[in-house]
2 protein chains.
Amino acid sequence: MKQKVTIKTIAKELGVSTSTVSKALKDSHEISKETKEKIQAYANHYNYKPNNLALQLRNQKTKLIGVIVPKIVHHFFSTIIKGIEEGASEKGYRIMVCFSDESHTKEVENLKVLSNGSVDGLIVSIANETLESKSIKHFQDLVSEEIPLVLLDRVLDEITCDKVVVDDFGAGYKATKHLLNTGCKRIAIITTPEYVNVGTHRRQGYEKALLERKITVDKKLIVEIDEKQNIKEQIRPVFDNGIDAIFAVNEIYAAKSIRIAKEKSIRIPEELSVVGFTDGLISEYATPSITTIAQHGLTMGKQAVEALINRIENESEKYEAKTIVISSDLKLRESTKPSS
Amino acid sequence: MKQKVTIKTIAKELGVSTSTVSKALKDSHEISKETKEKIQAYANHYNYKPNNLALQLRNQKTKLIGVIVPKIVHHFFSTIIKGIEEGASEKGYRIMVCFSDESHTKEVENLKVLSNGSVDGLIVSIANETLESKSIKHFQDLVSEEIPLVLLDRVLDEITCDKVVVDDFGAGYKATKHLLNTGCKRIAIITTPEYVNVGTHRRQGYEKALLERKITVDKKLIVEIDEKQNIKEQIRPVFDNGIDAIFAVNEIYAAKSIRIAKEKSIRIPEELSVVGFTDGLISEYATPSITTIAQHGLTMGKQAVEALINRIENESEKYEAKTIVISSDLKLRESTKPSS
DNA sequence: TGTTAACACGAAACCGTTTTCGTTAAATTT
DNA sequence: AAATTTAACGAAAACGGTTTCGTGTTAACA
């Protein structure tokens, strides 16, 4: 890289002190008109730009927000990031995005680096591995250092900080209820392993809706997917239990279920209704298009960043951790029967 | 935020100088065993972490790569970002992601901020607005400051720097040729306005394939989509021209085309073959699944970051701008007829 | 003519770290 | 006993800015 022009070089070239240059560039009244003009002209001509690092070090703030998400090639998470970026941008902040890849180690490492003064605050969605192991020392360190932190979607109760979550319980309830209302009786649920709390909440909503109708929860209709195995093969057996509906906790599971149904020539939604989760492109463009719970990732991102910046900029106020619950709603499409 | 423990505070508490602390923490031989142990114990206990900003300022490098892409809720771009992150991560770099939202103004602003010493180099995919207006002063400034820059996918010849692009021409050719080989005769192309050079190249490939078969290019079969208007309505009229195949330059256009075909009860691929671009989730999960040109975003991201880091770390070598062309290949699925 | 105010600028500290180059005292060599 | 090493540490500069607090000069005023 070329030798950058700094305040020092300008000062030397023009035979003034660095303080004069600094003041002149800020149009301070302390400096005479001629000197200002001379300095500004020089700075302009040589395309002087103040060094960000120096400013951040001096001001003890970076106007930077660290974001750690499990993955990015994923409609929900990329939408969240977009929301965060938009919210941050409005308030003059920029974002630094890192990925944990669902790995605990990478999450810890990212957290360490970002919390070394690189950012003013952090927004993170916890990796599956961490969720499973519940080893959260890295978060507790953060909290005890009082570095502003907001947890998003994938949260853990044990961590005391602001949180933004989907009303997963309500969403599971809504989805199941809709299936029941359109005449379905044996509803299978394709969900995640129990440690992924979002999956668990959705399943509890599902169970509540069933119990309200005095339908007992049939364990044979509950499929917990292990993502390391072939997903389709794990779903397939549940079709042998005389089901008339499937509630999938994400759109991939929903799409795979529909594939299986087609292979078996089961008509959708006449013989089998399907509800997915996450309002991504698949659901919109699949045939039949898939009825889903829309998650409002954009809103979540914006809320998270708003809470975070609020925390960053009002350090003095004593603060209490709050949880923002974003309600999600059902987007009716072709994979379920019209409600009567 | 809590008062951070710095080298200074340690020095003061322990009655030594900052230099001693710094050396002790690096396990320097200059410091006696007892002093080292004392300092390290203290640092450990109070969870001392060196301040990144200070280090970056001192070392004159940030180990940070700036990434500017037009959007993120997009399979291709998010895949690229993943590729960049993986490649960067391997070499000990982190990434700072910004979005231009296809806006020239935002692109300029992002470029300005990032090039103020915040990052060691930049990878950018140019915004549509910039592509259209060709106002590239911000890039030229970057180049003249010799800040390492790699352009990705959306490039402009006028900018002298390393580039990583898809073989769009070859891809368009391959796609069209495949349609011709499977018996299609009247092939429509759904493309972008002319200023988006990737669209143009794909179209030129399309035209070459046709001309090879002595088929004259029929302008009525070329649809240039204006994304500000309703896409489906812009595609619909082309169905009245007796077509038997559609080559869409992205998967949204392909999916919309298939929708229209279904509404008109046109069977795919028997009556209409469809080829898309970008191997996203839609193509995989749609029914019928869509034959596409797979773009290898991951590879592109990795190549870009490799070129960039190479440039960053070998400043001395005189360097010549090179362009890396990533060839893309056809992924056969259900929306085209089996080739004979 | 002496005092004061305004003007224009510079010196120096600071943000947190590293690193070079002393410096002092003890240990070793002659 | 004098000279030289060596061990263990500190002072200070440097990275690139900002900001507080002088300070010297000139002009205005009593």
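In what follows, every chain begins at residue 1, and chains take the letters A, B, ... in the order their sequences are listed.
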Run the salt-bridge test on [X] and [Y] with the 4.0 Å N-O cut-off and return the result as yes or no.
{"X": "A:D162", "Y": "A:R311", "answer": "no"}
{"X": "A:E102", "Y": "A:R154", "answer": "yes"}
{"X": "A:E34", "Y": "A:K38", "answer": "no"}
{"X": "A:K82", "Y": "A:E86", "answer": "yes"}
{"X": "A:K71", "Y": "B:E85", "answer": "no"}
{"X": "A:E145", "Y": "B:K4", "answer": "yes"}

Name the nucleic acid region contacted by [X], choosing base, sugar-phosphate or nothing; use a 4.0 angstrom heavy-atom cut-off, strictly under.
{"X": "A:K33", "result": "nothing"}
{"X": "B:T6", "result": "sugar-phosphate"}
{"X": "B:K49", "result": "sugar-phosphate"}

Length of the [atom1]-[atom2] vector between [X] and [N], whole Å:
{"X": "B:L25", "N": "C:dG16", "atom1": "CG", "atom2": "P", "answer": "15 Å"}
{"X": "A:L55", "N": "D:dT18", "atom1": "CG", "atom2": "P", "answer": "5 Å"}
{"X": "A:I39", "N": "C:dA8", "atom1": "CD1", "atom2": "P", "answer": "13 Å"}
{"X": "A:H29", "N": "C:dC9", "atom1": "NE2", "atom2": "P", "answer": "12 Å"}
{"X": "A:I10", "N": "D:dT18", "atom1": "CD1", "atom2": "C1'", "answer": "15 Å"}
{"X": "A:D27", "N": "C:dC9", "atom1": "CG", "atom2": "P", "answer": "13 Å"}
{"X": "A:K12", "N": "D:dG16", "atom1": "NZ", "atom2": "C1'", "answer": "13 Å"}

Is a donor-acceptor pair below 3.5 Å formed from side chain [X] to base [N], judging by atom type as modelled?
{"X": "A:K23", "N": "C:dG10", "answer": "yes"}
{"X": "B:E30", "N": "D:dC9", "answer": "yes"}
{"X": "B:S32", "N": "D:dA7", "answer": "no"}
{"X": "A:T35", "N": "C:dA8", "answer": "no"}

(request) Identify, between B:K36 and A:L57, the residue whose nearest nucleotide on DNA chain D lies closer to the 5' end. (result) B:K36
(message) Assuming nearest nucleotide by heavy-atom distance, tell me which of B:I31 and B:Q60 is located more 5' along DNA chain D.
(response) B:I31
Choosing from [options], which nucleotide comes nearest the side chain of [X]?
{"X": "B:V16", "options": "D:dG10, C:dT19, C:dC14", "value": "D:dG10"}
{"X": "A:S17", "options": "C:dG16, D:dG17, C:dA11", "value": "C:dA11"}
{"X": "B:S19", "options": "D:dC15, D:dG16, D:dA12", "value": "D:dA12"}

(message) Does D:dC15 have its OP1 or OP2 closer than 4.0 Å to a side-chain nitrogen or oxygen of A:K8?
(response) yes
(message) Using OP1 and OP2 only, check whether a side-chain N or O of A:K4 sits under 4.0 Å from D:dG16.
(response) no
